[in-house]
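Presented below is the structure to which this report refers.
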Protein chains: 2
Amino acid sequence: MSDRRVPEGYDPYAFEPFAVTADLAVLTVREERLQVLLVERGQEPYAGSWALPGGFVLPPESAEQAARRELAEETGLSEATVAGLHLEQLRTYSEPDRDPRMRVVSVAFTALVPDPPEPRGGGDAAQARWMPYDTVRGLAFDHDRILADAHERVGAKLEYSCLATAFCPPEFTLGELRHVYETVWGVELDRPNFRRKVLTTPGFVQAVEGPPRLTGGRGKPAALYRAGGATTLHPPLLRPEGRPA
Amino acid sequence: MSDRRVPEGYDPYAFEPFAVTADLAVLTVREERLQVLLVERGQEPYAGSWALPGGFVLPPESAEQAARRELAEETGLSEATVAGLHLEQLRTYSEPDRDPRMRVVSVAFTALVPDPPEPRGGGDAAQARWMPYDTVRGLAFDHDRILADAHERVGAKLEYSCLATAFCPPEFTLGELRHVYETVWGVELDRPNFRRKVLTTPGFVQAVEGPPRLTGGRGKPAALYRAGGATTLHPPLLRPEGRPA
DNA sequence: CCTTTAAGAGTCACCTTGACTATAAAGGAG
DNA sequence: CTCCTTTATAGTCAAGGTGACTCTTAAAGG
């Protein structure tokens, strides 16, 4: 940034102002599907349309702080939950005509949540709910594109980071972790190979000591693991077949 | 983005306005070093300090359009050159106090240029010049951090994309391409192994037919190559030793 | 003419990976 | 209770990619 166009006695109101918003693509894996948190708009433009949650960045906030606040307001997640959430900046959308009313620049974030509570539709949103990613179309503004970019980014990050654990509860089985990859990538992975890769990568997961097994599903009970300290995968866990992007 | 806080007859001037700028971390490899394009500020704040080139996003522009315009104005690169430049959005910096005067949100971009012309210091910049990356400190605003983020991002992208060719002229030798990796990563790579990797990756580079060799340096003349059609590297070309990020 | 420098060809062992087989431990159906 | 299905977990094996090296070729410089 720079003020080279701004004379000493610059009047901030002399220019057409820009509004800055923070929007969130909140993703989760539920019921074997990738799901997105959406809100229904109550006002024009796009009244009645579904949109990504988000809202204006207020004067004392950073974009990320605004994103966390809006998420808490609109979904009923507790402040503590939102504060500990894995939130990552996706990119900024600044096309001049993306909002019909005025100039709005949107800083988009991606959030990954495990086993989410039902959203309450609070705040200013008419209602809020989880929707399966592949059934979502026709969102307000350019939110279809933001959502697609978020999906692509998350899919790519799974390859070379330990991000997948952010989709899982604190303790999880390797089957659950594998489901995350399969759901986001839309492919099936070989169980033994996936297991070998995860367990031989130092710091990806760590075994839980106490009760060595968990029951609940159909097959043989699985051991529980916690997220390890590592954040990146070397070498990466590449998608089979297709190219990323 | 959303207008949930905005009543029907919303007055854009009722809020403290945000200014939006586009700043660029323009990188090149010259004289065996990674270099950055900087401008000297002529006005307060930070008058006399060096900063990344950039400026305000004007009402009819997207942030990327503003970035290209500012780059052309301040460095003397032709409009055609700037239009064809590899420009990638880095991230957006929105901390409330990053500009002492008013609320300024900066969308940062990374640009990679091959064999750059001397900047002219045109536009509003007092002067402009290339500086070696590792000697740069004390830039205006939070530009030190933006620059560090750009370096990290570029280093990471070299691993899994064909981005390195963007640092090279249209026709280049494998030695030049290898220098890009070595300079950005700060490591030495094994010549034969690098060659094997690049040549066996489909679409990374394509051999130039005509005059099969180029002279100029000291050793055996090298064959020339052009960038191939591929954009991603599968499998990636990982940095030796250290972790990314 | 010899040294230096870098390109380019080739070798070899190791590690990772993909494909696959086998066994163990649960639930459900008959 | 037994068979069948499902899932976890333990292995095996071959192909491919990579790191570490060696060797040859072709220029420039002294």
Side-chain angles (χ1 to χ4, degrees), chain A residues 32 158-160 168 171-183 185 187-208 211-225 230 232-244, chain B residues 32 158-160 168 171-183 185 187-208 211-225 230 232-244:
Chain A
E32 310 280 300
L158 288 189
E159 293 193 323
Y160 57 90
C168 297
E171 299 191 347
F172 52 87
T173 68
L174 294 187
E176 291 170 339
L177 188 64
R178 184 168 42 80
H179 274 311
V180 169
Y181 281 88
E182 292 179 332
T183 305
W185 286 349
V187 297
E188 283 213 352
L189 299 178
D190 180 83
R191 249 186 288 253
N193 289 342
F194 179 83
R195 175 187 185 78
R196 178 181 57 191
K197 174 65 180 178
V198 171
L199 292 183
T200 62
T201 299
F204 194 171
V205 298
Q206 59 182 100
V208 171
R213 289 158 188 284
L214 163 84
T215 181
R218 278 231 264 260
K220 175 179 178 177
L224 287 176
Y225 295 86
T232 59
L233 254 47
H234 269 259
L237 202 170
L238 299 177
R239 286 172 172 95
E241 285 290 306
R243 303 284 68 79
Chain B
E32 311 277 303
L158 289 188
E159 293 194 322
Y160 57 90
C168 297
E171 300 192 346
F172 52 86
T173 68
L174 294 187
E176 291 170 339
L177 188 64
R178 185 169 43 79
H179 273 311
V180 170
Y181 281 89
E182 293 178 332
T183 305
W185 286 348
V187 298
E188 282 213 353
L189 299 178
D190 181 82
R191 247 184 290 254
N193 289 342
F194 179 83
R195 174 188 186 77
R196 178 182 58 190
K197 174 67 180 175
V198 171
L199 293 182
T200 61
T201 299
F204 195 171
V205 298
Q206 59 181 102
V208 170
R213 287 154 189 288
L214 165 83
T215 183
R218 278 232 263 259
K220 177 179 177 179
L224 287 176
Y225 295 85
T232 59
L233 253 47
H234 269 260
L237 202 171
L238 299 176
R239 287 171 171 94
E241 284 289 309
R243 304 285 67 80

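Protein chains get the first letters and strands the later ones, always in sequence-line order, with residue 1 at the start of each.
In this structure, Phe204(B) has no ring-ring contact (aromatic ring centres under 6.0 Å, His included) partners at least two apart in sequence or on a different chain. With sequence neighbours left out, Tyr181(A) forms a ring-ring contact (aromatic ring centres under 6.0 Å, His included) with Trp185(A), Phe194(A). Applying the salt bridge (Lys or Arg N to Asp or Glu O under 4.0 Å) criterion to Arg178(A), with sequence neighbours excluded, gives Glu182(A). Residues forming a side-chain contact (heavy atoms from CB on, under 4.5 Å) with Tyr225(B) (at least two apart in sequence, or on another chain): Phe172(B), Leu174(B), Arg195(B), Leu199(B), Val205(B), Ala207(B), Ala223(B).
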Summary of protein contacts for nucleotides 13-20 of chain D, nucleotide by nucleotide, where a base hit scores B, a sugar-phosphate-only hit scores S (4.0 Å, heavy atoms):
----SBBB
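Between Leu158(B) and Leu233(B), the closest heavy-atom pair is O-CD2, 4.2 Å. Here the shortest heavy-atom pairing between His234(B) and Glu159(A) reads CE1-OE2, 4.1 Å. Closest approach of Pro236(B) and Pro236(A) over heavy atoms only: CG-CG, 3.8 Å.
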Review item, nucleotides 5-7 of chain D N/O atoms under 3.5 Å of protein N/O:
{"from": "dT7(D)", "atom 1": "O2", "to": "Lys220(A)", "atom 2": "N", "distance (Å)": "3.2"}

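Separating the CZ atom of Phe194(B) from the C1' atom of dC21(D) is a distance of 19 Å, rounded to the nearest angstrom. Going from atom CG of Leu177(B) over to atom P of dA7(C) covers 11 Å, rounded to whole Å. Atoms CZ (Arg195(A)) and P (dT21(C)) sit 20 Å apart, rounded to a whole Å.
Here the CG atom belonging to Asp190(A) is positioned 8.0 Å from the CZ atom belonging to Arg196(A), to the nearest 0.5 angstrom.
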